[in-house]
Amino acid sequence: MARITFLGTGGGRFMTVFQRLSTGGFRISSRNLMMNVDPGPGAILRMREVGLDPTKNNALFVSHCHPDHYTDTEVMIEAMTQGGTRVRGTLIAGESVMKDMDGFEKPISNFHLSKPEKAICAKPKEKYNLNEWCALETTKTKHSDPSAIGFMLKTPEGTIGYTADTELFPGLGQQFKGARVLILNVVRPLEKRIPWHLCTEDAAALIAEVKPKLAVLTHFGLAMYNENPSKQCEWISSKTGINTIAAKDGMSIYMEEDIEIKMNPQVGCEEPIAPSSLPEKM
Ligand SMILES: [Zn+2]
């Protein structure tokens, strides 16, 4: 079974500042892969709230150098490497996350970049085997950070596509053909398109081209939030005939033969998180 858990469904500057929705990105698990994606502000807190143990992670994907995607990366690396005491896990990140470029300053320290077993500075159209069952192929975007990347993640339960931040461009949809579940960052609602991002109409066009079994919108900005993302998804479903839902903070998608959607109860601080074999001295 593969599981996708949304640690935050907010995105964009003001949503990040006001936290009407959390901005923690999401986490995918399948077989022995446990990977956080775009751990923005609050990712580590939301892991705690839904009872996921970040020290079990063995992969981390950071699409680009905007704060709503990268701020909790260093603490996620510390979790994955068990306080920096063990060399383990794979970090895959867009180039601007790993080095200064395109006017962006690398947001992750060299200390933290030295901790994972592999730290991959990825460009579009590259393929990485994460384990014997799961492989990740990076995809191209058109975004204000030019080195932003998305992915197609092959798992035994089907392929999960993630657009990351991008605007619609010719060839975007082609990259996601074959995705069973397609996750789209849709910052803006109908009739409120802005450059570098998807709006509801763009998402509908992309979903109609890719034809996934399930399309999931996330990364909502304040304007999208105010227009009710679920209503925007109803519009897309009626236009495309494809089941399209708005992700919610704390929601999980379970992929087996069927696809099921459940909300995770917030376990908060009372519920112990399953301990992994942490070193005694930190
Ligand atoms: Zn961005």
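Numbering of residues begins at 1 and proceeds along the displayed sequence. Just follow the structure's listing: the first ligand is 1, and inside any ligand the first atom is 1. Since the structure is predicted, the reported quantities are computational estimates derived from the model, not experimental observations.
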Handout entry: Asp68, Thr166, Asp165 screened by side-chain hydrogen bond (donor to acceptor under 3.5 Å, both in side chains) with Asn185, the one that passes
Key = Asp165

Please output the side-chain donor-acceptor pairs of residues 89-101 that fall under 3.5 Å, not counting sequence neighbours, one pair per line with the distance.
from: Glu95; atom 1: OE2; to: Lys99; atom 2: NZ; distance (Å): 3.3
from: Ser96; atom 1: OG; to: Asp145; atom 2: OD1; distance (Å): 3.3
from: Ser96; atom 1: OG; to: Asp145; atom 2: OD2; distance (Å): 2.5
from: Ser96; atom 1: OG; to: Ser147; atom 2: OG; distance (Å): 3.2
from: Asp100; atom 1: OD1; to: Lys106; atom 2: N; distance (Å): 2.7

Exercise for the section: Could you check which N/O/S atom of His66 is closest to the Zn ion (ligand 1)? Expected result: ND1

Problem - the Zn ion (ligand 1) - closest N/O/S atom in His64 - result: NE2

Practice task
Name whichever N, O or S atom of Asp165 ends up nearest to the Zn ion (ligand 1).
Solution key: OD2

Exercise for the section: Taking the six-membered ring of Phe6 (Phe, Tyr or Trp), confirm whether the NZ or CZ of Lys248 is under 6.0 Å from its centre and within 45° of its axis. Expected result: no

Problem - N/O donor-acceptor pair under 3.5 Å between Asp202 side chain and Cys199 backbone - result: yes

Exercise for the section: Specify which N/O/S atom of His143 comes nearest to the Zn ion (ligand 1), by atom name. Expected result: NE2

Exercise for the section: State whether Asp145 contributes an N/O/S atom found under 2.8 Å from the Zn ion (ligand 1). Expected result: no

Exercise for the section: Measure from NZ or CZ of Lys140 to the centre of the six-membered ring of Phe169 and say whether it is under 6.0 Å with the direction within 45° of the ring axis. Expected result: yes

